[in-house]
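Everything quoted here is computed from the prediction, not taken from an experiment. No hydrogens, no waters, no symmetry mates; every other heavy atom, side chains included, goes into these values. Numbers restart at 1 for each chain; the letters A, B, ... are given by sequence-line order, proteins then strands.
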There are 2 protein chains.
Amino acid sequence: MSSAHSHPVAASARELIVAHGGRVTRTRIAVIETLQRSAHPLSHDEIGAALDAAGIVHDRVTLYRALEWLVEQGIAQRIAGGERAWRFEIRREDAHRHAHFHCDRCGQIVCLDDVPATPSPALPAGFEFDRAELVLHGACADCGRQGIKEGAR
Amino acid sequence: MSSAHSHPVAASARELIVAHGGRVTRTRIAVIETLQRSAHPLSHDEIGAALDAAGIVHDRVTLYRALEWLVEQGIAQRIAGGERAWRFEIRREDAHRHAHFHCDRCGQIVCLDDVPATPSPALPAGFEFDRAELVLHGACADCGRQGIKEGAR
DNA sequence: CGCTCTAATGCTACAATGTTGCATCAATGC
DNA sequence: GCATTGATGCAACATTGTAGCATTAGAGCG
């Protein structure tokens, strides 16, 4: 089960880890592969569930640290979802800076590969620009069809 | 005590509350005035501190609920800061949709009134657009001058 | 293969942020 | 002043994320 993705998997998890001077552990491999397989950013919780499903024994803290390391190494990146939990996705060279869509009904986050994240940051003097995060809010295709009620929460 | 702000206060807190069919309480008034006085979005914590400083007795939960109500009524709006805490600001008619800048060093959030939040949301079919949140990351004027080290966290 | 070194892990404990339930208080309308 | 009920305050809990530390297990080497 690794052929039907819109996002081609560039490097193997093992290669990525070694290339960044880290140790190859089951947790890191599983986390990277889970992220690579997913079409949208995942939360700690979702990644943890995926590891459980795959029978990978892991600790909550270990998962946090594995993700922290991936972000530090530039392998993955964090985005601030609509809720107060981080979400993670593999950093792909092709569509590195894209916007995200947050469904205010189901909480799902979708990558908008076509929408670039940052246009022209006209910042005040003295400010140093690093990156932009563009999150569109609304209802996704599934939720939108069911009619929008009671909005976000 | 309401003259030296860059953002002119449109309506009095009392008027705003009554207009939305709510009861005028000391907590709500203080929260609204605090937000109106601030040039940038505030977190629960910061608002709580402001109430304390003003001698307004209040409960943490009450503050959460007051803010929740303000957002429901459209008086205030929430933005997802870089950290996992919400930040709040008064919704102003003039610059309703502006971007925000998050300093990854000091955590401060600044309103970029000049930068519009959303250009052209070309969403996939079936998606319903509600609003956009554009957050630029980097170092603010104060932090940038001190040189950037150890990046975000 | 066995040994060493230390990066990662897996606890436990804790901090910060946010929510729920319920009894009490007080703003509003009469 | 009195009743009604929205708003508060408190306690208890849920979720998300961190810190400290002993133990485990990758990776390199003889």
Side-chain angles (χ1 to χ4, degrees), chain A residues 12-32 41-49 51-52 55-73 75-76 78-88 107 109 150 152-153, chain B residues 12-32 41-49 51-52 54-73 75-76 78-88 104 107 109 150 152-153:
Chain A
S12 78
R14 183 167 238 100
E15 288 169 345
L16 272 174
I17 298 173
V18 172
H20 286 85
R23 289 186 181 175
V24 179
T25 66
R26 67 181 190 285
T27 308
R28 283 182 181 167
I29 292 179
V31 169
I32 293 178
L42 298 175
S43 64
H44 277 178
D45 207 42
E46 292 168 325
I47 298 170
L51 296 208
D52 285 341
I56 309 282
V57 180
H58 69 286
D59 180 73
R60 212 165 56 93
V61 179
T62 300
L63 179 51
Y64 277 109
R65 288 198 270 234
L67 286 166
E68 190 179 30
W69 183 82
L70 291 179
V71 172
E72 277 173 10
Q73 300 303 318
I75 297 174
R78 275 198 261 236
I79 59 176
E83 320 306 332
R84 60 211 146 292
W86 294 111
R87 283 172 180 268
F88 297 83
I109 292 218
E150 72 218 39
R153 255 313 279 237
Chain B
S12 78
R14 183 166 238 101
E15 287 169 347
L16 272 174
I17 298 172
V18 172
H20 286 86
R23 288 188 181 175
V24 178
T25 66
R26 67 182 188 284
T27 307
R28 283 182 181 166
I29 292 178
V31 169
I32 293 177
L42 298 175
S43 65
H44 276 177
D45 207 41
E46 292 168 325
I47 298 170
L51 296 209
D52 284 341
I56 308 281
V57 180
H58 69 286
D59 181 72
R60 212 162 56 94
V61 179
T62 301
L63 179 51
Y64 277 109
R65 287 199 269 236
L67 285 166
E68 191 179 30
W69 183 81
L70 291 179
V71 172
E72 277 172 11
Q73 300 302 318
I75 298 174
R78 272 199 266 236
I79 61 176
E83 322 305 332
R84 60 212 148 293
W86 295 112
R87 282 172 181 268
F88 297 82
D104 290 331
I109 293 218
E150 74 218 36
R153 251 316 276 245

Figure out the [atom1]/[atom2] separation between [X] and [N], and round it to whole Å.
| X | N | atom1 | atom2 | result |
| --- | --- | --- | --- | --- |
| Leu67(A) | dA8(C) | CG | C1' | 14 Å |
| Leu63(A) | dG10(C) | CG | C1' | 13 Å |
| Asp52(A) | dG10(C) | CG | P | 12 Å |
| Phe88(B) | dT17(C) | CZ | P | 12 Å |
| His20(A) | dA7(C) | NE2 | C1' | 17 Å |
| Ile29(B) | dG6(D) | CD1 | P | 19 Å |
| Tyr64(A) | dA16(C) | OH | C1' | 12 Å |
| Trp69(A) | dA7(C) | CH2 | P | 13 Å |

Once you round to the nearest 0.5 Å, how far does OG1 of Thr27(A) lie from CD1 of Ile47(A)?
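One finds 12.0 Å between OG1 of Thr27(A) and CD1 of Ile47(A).
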
CD1 of Ile29(B) to CG of Leu16(B): how many Å apart, nearest 0.5 Å?
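Result: 11.0 Å between the selected atoms.
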
Side chain of [X], heavy atoms from C-beta onward: which of [options] has the nearest atom to it?
| X | options | answer |
| --- | --- | --- |
| Asp59(B) | dT9(C), dT8(D), dG9(D) | dG9(D) |
| Arg23(A) | dG6(D), dT6(C), dG17(D) | dT6(C) |
| Val61(B) | dT8(D), dG10(C), dA11(D) | dA11(D) |

Looking at [N], I'd like to know if its phosphate oxygens (OP1 or OP2) sit under 4.0 Å from a side-chain N or O belonging to [X].
| X | N | result |
| --- | --- | --- |
| Arg84(B) | dA15(C) | no |
| Arg65(A) | dG20(D) | no |
| Thr27(A) | dT9(C) | yes |
| Thr25(B) | dT8(D) | yes |
| His58(A) | dT9(C) | no |
| Arg28(A) | dA8(C) | yes |

Starting at the 5' end of DNA chain C, which residue's closest nucleotide do you reach first, Asp45(B) or Val24(B)?
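The residue whose closest nucleotide sits nearer the 5' end is Asp45(B).
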
Base, sugar-phosphate or nothing for Thr62(A)? Non-hydrogen atoms, less than 4.0 Å.
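Answer is base: heavy atoms of Thr62(A) come under 4.0 Å of a base.
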
Do the side chain of Arg78(A) and the main chain of Val71(A) share a donor and acceptor less than 3.5 angstrom apart?
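No; zero donor-acceptor contacts below 3.5 Å.
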
Taking Glu46(B) for the side chain and Ser43(B) for the main chain, is one N or O donor matched with an acceptor at less than 3.5 Å?
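Indeed, once roles are kept as given, a pair shorter than 3.5 Å links the two residues.
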
Between the base of dG17(D) and the side chain of Arg60(A), is there a donor and acceptor pair under 3.5 angstrom?
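Such a pair exists between side chain and base.
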
Check the pair Ile75(B), Trp69(B) against side chain to side chain contact (heavy atoms under 4.5 Å, CB included), reporting the backbone distance first and the verdict last.
CA-CA 9 Å; Ile75(B) 298 174; Trp69(B) 183 81; 4.0 Å; yes

